[in-house]
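No experiment lies behind these values; they were computed from the predicted model shown.
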Amino acid sequence: MRQAGRYLPEFRETRAAQDFFSTCRSPEACCELTLQPLRRFPLDAAIIFSDILVVPQALGMEVTMVPGKGPSFPEPLREEQDLERLRDPEVVASELGYVFQAITLTRQRLAGRVPLIGFAGAPWTLMTYMVEGGGSSTMAQAKRWLYQRPQASHQLLRILTDALVPYLVGQVVAGAQALQLFESHAGHLGPQLFNKFALPYIRDVAKQVKARLREAGLAPVPMIIFAKDGHFALEELAQAGYEVVGL
């Protein structure tokens, strides 16, 4: 379920050459990092090297990767009016052309050996980073939004959904043969909040991606939903329009 390469010496060596998001923006580097684990192990698939936070970046937010700490947003979303800083979600796919180039290049180099998986973070998980300003063990700021600013929360989750759909479709056009949506922070929500603020958008992403692929005359690809610690929602996730539920 993870990019297997991060533990390998050759991975660390490639990564040491430039900062994290510069690596993400280099199709050649992403391709190399995606292929490294396959040179060592008989894995079933390749997962494109990228990061879920390229989407908030494409929406106009600054994100840096701080060594030893993880992702950091110098100016997180604090107030409702901060949503006005975000770019139109329709431009996100055009901002992320480097991901599509990496997928196409990797697919060519794989030459059919194993399938290539593309991915994105789900709306609630992306919202947590954008509001918290980084990782958090409690998600207190993001959950405060859900309680105190439900309308603004839904507005932000809708913006993210509208950004994710063309991004995921673009990954398929570029050559991704399966898609995974990571709801990495599902476990921070109880069943009620999950059903209100996460599940509807998870469903909508699958529905819209499949509809757009059909409209474009493209074959559907299997979609995987992985909601970390979302054990309370497995039945709902199984009915959410995905072919696979990750555990």
Side-chain angles (χ1 to χ4, degrees), residues 1 3 20-21 23-27 30-31 33-34 46-63 71 73 77 83 85-107 115-130 155-185 198 200-227 240-244 246:
M1 305 300 269
Q3 293 149 342
F20 181 79
F21 285 110
T23 305
C24 289
R25 284 190 284 274
S26 163
C30 290
C31 176
L33 290 165
T34 302
I47 300 181
I48 195 68
F49 179 86
S50 186
D51 193 82
I52 65 171
L53 298 181
V54 297
V55 170
Q57 278 184 332
L59 283 166
M61 293 191 78
E62 189 190 341
V63 191
F73 288 68
L77 304 175
L83 296 180
R85 292 182 356 222
L86 300 177
R87 288 191 190 123
D88 179 348
E90 283 300 318
V91 307
V92 164
S94 59
E95 291 282 322
L96 295 173
Y98 58 85
V99 178
F100 306 147
Q101 288 166 19
I103 287 172
T104 302
L105 183 62
T106 306
R107 179 78 194 275
L116 179 61
I117 303 174
F119 69 91
W124 157 249
T125 292
L126 294 178
M127 174 182 166
T128 63
Y129 284 107
M130 292 161 78
Q155 191 186 340
L156 175 53
L157 292 162
R158 170 55 47 207
I159 289 168
L160 288 163
T161 302
D162 291 346
L164 286 168
V165 170
Y167 177 48
L168 288 165
V169 170
Q171 291 189 43
V172 176
V173 173
Q177 291 154 289
L179 295 171
Q180 175 151 301
L181 195 69
F182 281 90
E183 189 69 281
S184 307
H185 297 162
Y201 300 99
I202 288 170
R203 282 195 186 119
D204 208 29
V205 167
K207 186 177 163 188
Q208 285 198 58
V209 166
K210 290 179 178 191
R212 287 213 193 182
L213 289 173
R214 271 196 308 275
E215 284 160 22
L218 292 162
V221 299
M223 292 184 72
I224 308 158
I225 177 65
F226 177 54
Y242 293 76
E243 282 65 44
V244 181

Pairwise side-chain contact, [X] with [Y], heavy-atom cut-off 4.5 Å (strictly under):
X      : Y      : value
Pro56  : Leu126 : yes
Val172 : Val209 : no
Lys210 : Leu213 : no
Ile225 : Val205 : no
Phe49  : Cys24  : yes
Ile202 : Tyr242 : yes
Pro123 : Leu164 : yes

Does the side chain to side chain contact (heavy atoms under 4.5 Å, CB included) test come out yes or no for Met127 and Leu157, once each step is laid out? CA-CA 7 Å; Met127 174 182 166; Leu157 292 162; 4.0 Å; yes
Just how far is it from atom [atom1] of [X] to atom [atom2] of [Y], taken to the nearest 0.5 Å?
X      : Y      : atom1 : atom2 : result
Phe21  : Ser26  : CZ    : OG    : 14.5 Å
Leu96  : Gln57  : CG    : CD    : 8.5 Å
Met223 : Leu168 : CE    : CG    : 6.0 Å

What are the two closest heavy atoms between [X] and [Y], and how far apart are they?
X      : Y      : value
Ile52  : Ala120 : CG2-C, 3.9 Å
Ala174 : Thr104 : O-OG1, 2.8 Å
Ala240 : Ala206 : O-CB, 3.9 Å
Glu95  : Ala58  : CB-CB, 3.7 Å

Verify side chain to side chain contact (heavy atoms under 4.5 Å, CB included) between Ile47 and Phe119, making sure each step is shown before the conclusion. CA-CA 8 Å; Ile47 300 181; Phe119 69 91; 3.9 Å; yes
Determine the sole option in Ile103, Leu105, Ile117 for which the side-chain contact (heavy atoms from CB on, under 4.5 Å) test with Ile48 is passed.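 So, applying the side-chain contact (heavy atoms from CB on, under 4.5 Å) to Ile48 and each of Ile103, Leu105, Ile117, only Ile103 qualifies.
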Identify, with sequence neighbours excluded, every residue that meets side chain to side chain contact (heavy atoms under 4.5 Å, CB included) alongside Pro71.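 Pro71 satisfies side chain to side chain contact (heavy atoms under 4.5 Å, CB included) with Leu53, Val63, Met65, Tyr129 only.
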Output all residues satisfying side chain to side chain contact (heavy atoms under 4.5 Å, CB included) with Arg85, sequence neighbours left out; order by chain, then residue number.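 Side chain to side chain contact (heavy atoms under 4.5 Å, CB included) list for Arg85, sorted by chain: Met61, Glu75, Leu77, Asp82.
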Under a 3.5 Å distance rule, please check whether [X] uses its side chain to pair with a backbone N or O of [Y] as donor and acceptor.
X      : Y      : result
Arg203 : Gly241 : no
Glu183 : Thr125 : yes
Ser94  : Val91  : yes

Tell me whether Arg107 at atom CZ has more than 12 heavy atoms from other residues, nucleotides or ligands lying less than 6.0 Å away.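 Not more than 12 within 6.0 Å, no.
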Write out all pairs satisfying side chain to side chain donor-acceptor pair (under 3.5 Å) with one or both partners inside residues 159-173, taking only residues at least two apart or from two chains.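 Checked against side chain to side chain donor-acceptor pair (under 3.5 Å) - neighbours excluded - the pairs reaching residues 159-173 are Arg158-Asp162.
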Evaluate Leu160 against Leu59 for side chain to side chain contact (heavy atoms under 4.5 Å, CB included), listing each step before the verdict. CA-CA 9 Å; Leu160 288 163; Leu59 283 166; 3.7 Å; yes
Please assess Trp124 against Tyr201 for the test side chain to side chain contact (heavy atoms under 4.5 Å, CB included), listing each intermediate value before the final yes or no. CA-CA 8 Å; Trp124 157 249; Tyr201 300 99; over 6 Å; no
